[in-house]
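One structure below.
Fair warning: this is a prediction, and the values are worked out from it, not measured in the lab.
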Amino acid sequence: MTASNPLLDFTGLPRFAAIKAEHVAPAIELLLAECRARVEELTRPQAPATWAGFVAPMEDTNERLARAWGVVGHLHGVLDSPELRAAYNANQPRIVQYYTELGQNLILFEKYKALKASPEYAALTPAQRKIVDNEIRDFRLSGAELAPAMKQRFAAIAEELARLGTKFSENLLDATNAFSLHVGDAAKLAGIPEDVLETARAAADKDGKPGWKFSLQAPSYVPFMQYAAARDLREQMYRAYVTRASEFGKPELDNTPLITQILKLHHEAAQLLGYANHAEVSLVPKMAQTPRQVLDFLNDLAAKALPFARKDYAELGDFAAAELGIARLKAWDLAYASEKLRAARYAFSDQEVKQYFPEAKVMQGMFRVVETIFGVRILPDQAETWDPAVRFYRISDLQGNLVGRFYLDPYARDTKRGGAWMDEAISRRRLGARVQTPVAYLTCNFSAPVGGKPALFTHDEVLTLFHEFGHGLHHLLTRVDELGVSGLHGVEWDAVELPSQFMENFCWEWEVLAHMSAHVDSGDPLPRALYDKMLAAKNFQSGMQTVRQLEFSLFDMHLHYDFDVNGIKTPQQLLDEIRSRVAVAVPPEYNRFQNNFSHIFAGGYGAGYYSYKWAEVLSADAYSLFEENGVLDNRCGRRFCDEILAVGGSRPAIDSFKAFRGREPTVDALLRHSGMVSA
């Protein structure tokens, strides 16, 4: 069976070259049957309530299903096709139904409780005890204690939420791909960098059309908005971007009704569990304890950031009026005017910096940082991939022992959803005498090479790469042998961004950039003078950027906490109210940001978007120890690995932080790093 269906082959890495859409249904059907048979076996009275008696065998069976479905989900995100989408959508409800059944199985729940109450619990490893505790918590959050009719409704809600989240994401991808701007007159393209124009020209050629084609995918949209002098075209692109998947486009791609349905279902599910709202449910497994605590944290940060944000915005408006002839800034002017102001103030542009970051040199430099501070080696490796541009690497310790492997899928394409993310292909766990080493997917949406030159990264893209590799290292450098808490498993959601944001800090260090830059034409490293300008500009508009993130976080938390899902106020009106309090650049009325806020409606961040700022406090404070001891200090790196990366979710994140830093976290380092400290 494994030979004919590659999704059922668990002997090694996924066989991407062999996987087809028609493999999905048979594989999932067989694996679900296996899982249900195992559940039936383990819930019999004679199955002992011990780790070996039911926890370990249940983990074995569920892992096979998770690995197969993980491959399907990954391909749905990076290589979408009508056939694969249909297969994914047909099987997703079956997956959700199984996990809901599992989470509501009272007999299994009682076995976990019996194990915790037994003498064996004390003899388990700390990681195993943490798994038992997490399972008991999660059974309650899955509705295991509900009456039969309420269980049935809870299960139906879970299935519908999964369907709506997938539909939200698909609508956004399709709406992004539905728009393009064709420009035939070269005079209208003044200001746009040559490499961006080459890519646009190639895209038009592919369509059999003359001129240049620009899309709403980030590598095309972002530089267009930064550099295009034609204000009318910037407005056209901006309007298309911020109205994606809204009532202004194709009705079948409008996410507005999905948002309402998702919010109502989350609220209903929370009330079935005895909570007042979804935010309370969301915070049960997180570091933050109450929605009010999160809102106080966000509002306090907003109060500190707003004076800096208002100053940033006033300076931008004055510059635009005096130097660019833009009397009143509009939303489609912000990126353009900001880039011009930065170039004027600091005498450099993103485009100039980009020439020093060819892909191969950036990768080499990033690996050097990781190898130096964590004591590992990273080398190219071989594996089947889903696209010719995908690379594969291995990480080993200094003795040559395999630690983990990862795929890197760097470039944007029409079949790939936007953004950047890390996901797991295989997780670390002990299997008898051997250890199953972890494998990760690192996915970005950078510009592909064009015109015979290598791919060039902006400094922001370098930050993105380091960020996602930080997530990858959290998954790959774990030393926990129990699947349920190895890597990112069991890590509180508001701490999971700590390693990723921590890694971004290295992208501002001369000692790092000097070794990871080489001009695409001359091969010269980044000049110290240009680096000094970049550093001076590091906190350029950090006030504006901070309040924008706080706007999203406050919207998310209020939406899931004290917003009346059955009231007359709309999510748009709530967002407008929050903007009136914390935004300095208010977008036009037609802006439908919430319709493409996939993080909270399709990505698991509902009532959790605050995690980025929460974890940024932790990551900045953690990095400050490196600043005190040397940014590539191997002793600090080993300690960070030992106390944070290696332990995964085997203990509370705050305990891991305090073990590394020797104290509670403070916000001081974040404010200092962001330049939001009064002189």
Side-chain angles (χ1 to χ4, degrees), residues 141 143 146 149-150 153-165 167-168 171 242-243 245-248 254-286 288-300 302 493-494 547-583 586-587 589-611 613-614:
L141 293 178
L146 297 178
M150 294 167 74
R153 176 59 188 154
F154 191 90
I157 289 172
E159 188 175 317
E160 182 65 0
L161 281 170
R163 185 189 71 81
L164 292 170
K167 181 63 175 164
F168 188 101
N171 284 352
V242 302
T243 57
S246 74
E247 72 271 26
F248 298 110
D254 185 4
N255 277 339
T256 308
L258 272 61
I259 291 172
T260 302
Q261 290 172 265
I262 289 169
L263 291 173
K264 286 184 175 181
L265 289 171
H266 272 311
H267 186 70
E268 184 184 350
Q271 295 203 311
L272 283 173
L273 292 174
Y275 293 90
N277 49 69
H278 178 65
E280 290 184 359
V281 178
S282 171
L283 293 183
V284 173
K286 293 184 171 72
Q289 296 178 331
T290 66
R292 180 47 54 192
Q293 181 190 7
V294 172
L295 290 172
D296 288 346
F297 165 74
L298 295 172
N299 286 320
D300 178 61
W493 197 276
D494 42 9
V547 297
R548 181 167 161 77
Q549 284 298 306
L550 293 173
E551 172 192 316
F552 302 159
S553 299
L554 285 163
F555 173 61
D556 168 45
M557 186 51 67
H558 280 296
L559 201 58
H560 292 101
Y561 172 49
D562 51 11
F563 177 75
D564 183 356
V565 294
N566 296 306
I568 57 172
K569 185 192 289 186
T570 65
Q572 181 66 57
Q573 289 168 327
L574 171 66
L575 183 53
D576 291 341
E577 287 176 9
I578 289 166
R579 283 174 172 156
S580 72
R581 296 204 318 268
V582 302
V586 178
E589 287 186 4
Y590 60 73
N591 181 294
R592 292 294 180 267
F593 163 74
Q594 66 274 20
N595 287 51
N596 50 71
F597 199 2
S598 54
H599 272 80
I600 71 168
F601 294 118
Y605 274 87
Y609 196 78
Y610 76 91
S611 300
K613 278 299 167 197
W614 186 278

### Query
Side chains of Asp564 and Lys569: does their closest heavy-atom pair fall under 4.5 Å?
no

### Message
As an exercise, state the distance from CD of Glu280 to CZ of Arg292, rounded to the nearest 0.5 Å.
### Response
11.5 Å

### Task
Could you check if a side-chain atom of Pro571 sits within less than 4.5 angstrom of a side-chain atom of Leu263, using non-hydrogen atoms only?
yes

### Task
Using modelled atom types only, decide if a donor and an acceptor are shared between the side chain of Gln573 and the backbone of Thr570 within a distance under 3.5 Å.
yes

### Query
Do the non-hydrogen side-chain atoms of Asp562 and Asn277 ever get within less than 4.5 Å of each other?
no

### Message
Can you confirm whether Leu559 sits close enough to Gln594 that some side-chain heavy atom of one is under 4.5 Å from a side-chain heavy atom of the other?
### Response
no

### Query
Which of parallel (below 30°), tilted (30 to 60°) and perpendicular (above 60°) describes Phe297 and Trp614?
perpendicular

### Query
Taking all non-hydrogen atoms of both residues, which atom of Asp494 and which atom of Ser611 are closest, and how far apart?
CA-OG, 3.3 Å

## Note on the structure
Output for pair (Arg592 CZ, Thr256 OG1), nearest 0.5 Å, gives 7.0 Å

#### Entry: side-chain hydrogen bond (donor to acceptor under 3.5 Å, both in side chains) against Ser282, all qualifying residues, sequence neighbours excluded
Lys286

### Message
Are Glu577 and His558 packed together at the side-chain level, in the sense that at least one heavy-atom pair is separated by less than 4.5 angstrom?
### Response
no

### Straight-line distance of Gln572 CD to Phe593 CZ, nearest 0.5 Å
11.0 Å

### Message
Please give me the minimum heavy-atom distance between Ala607 and Asp556, naming the atom from each residue.
### Response
N-OD1, 2.7 Å

#### Entry: Side chain proximity check, Val281 to Leu141, heavy atoms < 4.5 angstrom
yes

### Query
Are Glu551 and Arg548 close enough, and set up right, to give a salt bridge (Lys or Arg N to Asp or Glu O under 4.0 Å), and what steps lead you there?
CA-CA 5 Å; Glu551 172 192 316; Arg548 181 167 161 77; 5.0 Å; no

### Query
Among Asn591, Leu554, Val547, whose side chain to side chain contact (heavy atoms under 4.5 Å, CB included) with Arg579 holds?
Asn591

### Message
Between Thr290 (side chain only) and Gln293 (backbone N and O only), is there a donor and an acceptor less than 3.5 Å apart?
### Response
yes

### Task
Working to the nearest 0.5 Å, report the span between CG of Asn255 and CD of Glu247.
11.0 Å

### Task
Answer whether the closest heavy-atom distance between the side chains of Ile157 and Leu272 falls below 4.5 Å.
yes

### Message
For the CD1 atom of Ile600 and the OH atom of Tyr609, what is their distance to the nearest 0.5 Å?
### Response
9.5 Å

#### Entry: Interatomic spacing from CG in Asn171 to CG in Asn596 - rounded to 0.5 Å
11.5 Å

### Message
Donor-acceptor pair, distance only, cut-off 3.5 Å: does the side chain of Ser553 make one with the backbone of Leu550?
### Response
no

### Task
Let me see the working for His267 and Lys264 under side-chain contact (heavy atoms from CB on, under 4.5 Å), right down to the final yes or no.
CA-CA 5 Å; His267 186 70; Lys264 286 184 175 181; 5.7 Å; no

### Query
What are the two closest heavy atoms between Trp493 and Gly608, and how far apart are they?
CD1-O, 4.2 Å

### Message
Please give me the minimum heavy-atom distance between Asn595 and Ala245, naming the atom from each residue.
### Response
ND2-O, 2.8 Å

### Query
Taking all non-hydrogen atoms of both residues, which atom of Phe555 and which atom of Ile578 are closest, and how far apart?
CA-CD1, 3.3 Å

### Message
Would you say the rings of Phe597 and Tyr605 are close, in the sense that their centroids are separated by under 6.0 Å?
### Response
no

### Task
Using a 4.5 Å cut-off on heavy atoms from C-beta on, say whether the side chain of Phe601 contacts that of Leu164.
no

### Query
What are the two closest non-hydrogen atoms of Val294 and Tyr610, and how far apart are they?
CG1-CG, 3.5 Å

